[in-house]
Amino acid sequence: INAEYMGVYELMNLQSKSTVGYTLQSVGRVEGVPLKVTITQPLEWPVGTTVPLDHVTPRNHHFNFVTLLAEPWLMRKSNGQLEGFLFDLLDDMTQNYSFTYNLTFMDFHGCSFGCTVRQVGPNAYDGFFHAVGITAERQLDASFTQPLFDDGLALVIRTPITKTDYWEFLGPFTSELWGLVILLMFVACVLFWLFERKVNEYLPPGVDGLFASFWFTYSSIVTMQDGAPVSRAGRTFSAGLYFFAVILVAAYTANLAAFLTTKITTYAFNDINDIKAGAIPMTQVGVQADSWAEEWFRREVGSVYVPVRSVDDVELLLLNGTLSAVVWFHLDIAFAVLEHCELELRGPIFGPTGAGLAFPKDSPFTTSFSHHLLYLKGTGKLQALKQKWWVEQCSRAVSTTASLTPARMAGVFLLFLIFTGIAVLVFVVDLLGA
């Protein structure tokens, strides 16, 4: 105000009246040089308080909160009472500020979180008491507290099913290498028979000599030698065969121990970057509908995906094979993963964002609730609440021993039974021939 034209000005205050809406009330005057402000009536600040915005607290205030039932944030027990992370948080806040509240539960199907946040206005509710992803777009419609947790998005998949492979013990060598070993045995059998058939009394004449030669080759490879070569060519050949057998058996034994005691699960993709690169069709990727996950996926990946509206649908679509992966808000889906052993998280958290409580735009209570959340973080109480409600419900312990189960060695027993059966059959034939 230009002091040259300074007079006496009336100080008007915009105050709410339940019957006529808002009215202007004279609460003082401004006059003099320098300016002098005289307050004759209490000023009314937003939401009917008589203190400035920075000093508004929830103490003795009654709130109408909107929220939703979601594990483990807020759940209803069999007796109708509420429990969960947010219920414990509300209990702590009411003890600190002595405020009262009423909870209205809403079904958000068909209304995005952005739509819901816009409903949290002066003509609807006092706040949205649930963990909402904080984004720049949403801050245009509502005010947010400090984040409950720094979080993000997660990729959830079905835990791969481990099938029993009876021939797992053959895994250390590829099929091509096994083929070469078998071929070498037959070639070595023929060569040994050619070198020794005229000078080695161990080899009987005719076809029986070939069988004896094969037995010598086999026993040499498995280091249980039966018989010895006589000719110089046979001994030279056997020296090479023994060396080959030592290296082959050592390599197989070492790889077999590592192969059978370390079970490696293979995945079609490792993280969200593989999804972007097209590791699986986008029609097999689900995304949490009407959420920060959907906003992020549309911006960073693309518009082709399957919208999924509930955690129950995530479990159903992954377990029946309709979807191969689902993008979901981490803390929401983490509880389902902890509770259901058929699901697991794949790769690191991505799309980082905070999740806070939402209030009407410029609400005077946002600061007080933020301060209390910071206090709970600093004292470790918020982390303690998280550990209380996000608890592993199924065993995912990985054995640190090298023990093998019967199922993983079943092929060895099966192979022994096959050889035993052949031996019995040969015995019967020989017996009948005699």
Checklist entry - Atom CG of Leu382 and atom NZ of Lys377: how far apart are they, to the nearest 0.5 Å? => result 7.0 Å

Next on the checklist: Between Thr145 and Leu357 (side chain of the first, backbone of the second, donor and acceptor by atom type, cut-off under 3.5 Å), is there such a pair?
Outcome noted: yes

Checklist entry - Tell me, which pairs form a side-chain hydrogen bond (donor to acceptor under 3.5 Å, both in side chains) where one or both residues lie in residues 170-190, sequence neighbours left out? => result Thr174-Glu176

Checklist entry - Is the His372 to Tyr375 ring centre distance short of 6.0 Å? => result yes

Checklist entry - How far does CG of Asp274 sit from CG of Leu155, to the nearest 0.5 angstrom? => result 9.5 Å

Checklist entry - Does Asn64 reach the main-chain N or O of Asp126 with its side chain, forming a donor-acceptor pair under 3.5 Å? => result no

Checklist entry - Hey, is the main chain of His130 close enough, under 3.5 Å, to the side chain of Thr67 for a donor-acceptor pair? => result no

Checklist entry - Does His330 have its ring centroid less than 6.0 Å away from the ring centroid of Phe149? => result no

Checklist entry - Given the rule in the side-chain contact (heavy atoms from CB on, under 4.5 Å) test, do Trp389 and Met75 qualify, once you have shown the distances and angles that lead to the verdict? => result CA-CA 11 Å; Trp389 291 105; Met75 303 170 287; 3.6 Å; yes

Checklist entry - Where the side chain of Thr40 meets the backbone of Val27, is there a donor-acceptor pair that is under 3.5 Å apart? => result yes

Checklist entry - Would you find a donor on one side and an acceptor on the other, under 3.5 Å apart, between the side chain of Arg309 and the backbone of Ala289? => result no

Checklist entry - Out of curiosity, Leu82 CG to Leu90 CG, how far, rounded to the nearest 0.5 Å? => result 9.5 Å

Checklist entry - Got Val285 and Val301 here, is their nearest side-chain heavy-atom distance under 4.5 Å? => result no

Checklist entry - Do Phe63 and Tyr97 have their ring centres less than 6.0 Å from each other? => result no

Next on the checklist: Could you check whether any side-chain heavy atom of Leu373 comes within less than 4.5 Å of a side-chain heavy atom of Met93, counting everything from C-beta outward?
Outcome noted: yes

Item to check | OG1-CG distance between Thr379 and Leu374, expressed to the nearest 0.5 angstrom | outcome: 10.5 Å

Checklist entry - Do you see a donor-acceptor pair shorter than 3.5 Å between the side chains of Asp312 and Ser310? => result no

Next on the checklist: Classify the ring geometry of Phe359 against Phe65: parallel below 30°, tilted from 30° to 60°, perpendicular beyond 60°.
Outcome noted: perpendicular

Next on the checklist: For Trp390 together with Trp73, are the ring centres under 6.0 Å from each other?
Outcome noted: yes

Item to check | Arg346 (side chain) donor-acceptor with Thr159 (main chain) under 3.5 angstrom | outcome: no

Checklist outcome for this item: dist Leu318:CG -> Gln284:CD (nearest 0.5 Å) comes out at 11.0 Å

Item to check | Minimum heavy-atom distance Pro348-Asp271, with the two atoms named | outcome: CD-CB, 4.0 Å

Checklist outcome for this item: CZ (Arg138) and CD (Glu295) are apart, to the nearest 0.5 Å, by 4.5 Å

Item to check | Derivation of the side-chain contact (heavy atoms from CB on, under 4.5 Å) call for Leu153 and Ile272 | outcome: CA-CA 10 Å; Leu153 306 178; Ile272 190 63; over 6 Å; no

Checklist entry - Is it true that Tyr305 and Phe297 have ring centroids separated by less than 6.0 Å? => result yes

Checklist entry - Trp296 pairs by ring pair (Phe, Tyr, Trp, His ring centres under 6.0 Å) with which of Phe329, Phe350, Trp328? => result Phe350

Checklist entry - Is a side-chain donor or acceptor of Thr366 paired with a backbone partner of Ser363 at a separation under 3.5 angstrom? => result yes

Next on the checklist: Once salt bridge (charged side-chain N to carboxylate O under 4.0 Å, His left out) is applied, what residue pairs with a partner in residues 74-91 remain, sequence neighbours excluded?
Outcome noted: Asp88-Lys388

Item to check | Pair Asp313-Val326, side-chain contact (heavy atoms from CB on, under 4.5 Å): steps then yes or no | outcome: CA-CA 10 Å; Asp313 290 342; Val326 176; over 6 Å; no

Checklist entry - Does Asn320 use its side chain to pair, donor to acceptor, with the backbone of Leu316 at less than 3.5 Å? => result yes

Checklist entry - Does any N or O in the side chain of Asp151 come within less than 3.5 Å of the main-chain N or O of Leu331, such that one atom is a donor and the other an acceptor? => result yes

Checklist entry - Short question: side chain of Ser98, backbone of Arg59 - any donor-acceptor pair under 3.5 Å? => result no

Next on the checklist: If you define the side chain from C-beta out and look only at heavy atoms, does anything of Val327 sit under 4.5 Å from Gln288?
Outcome noted: no

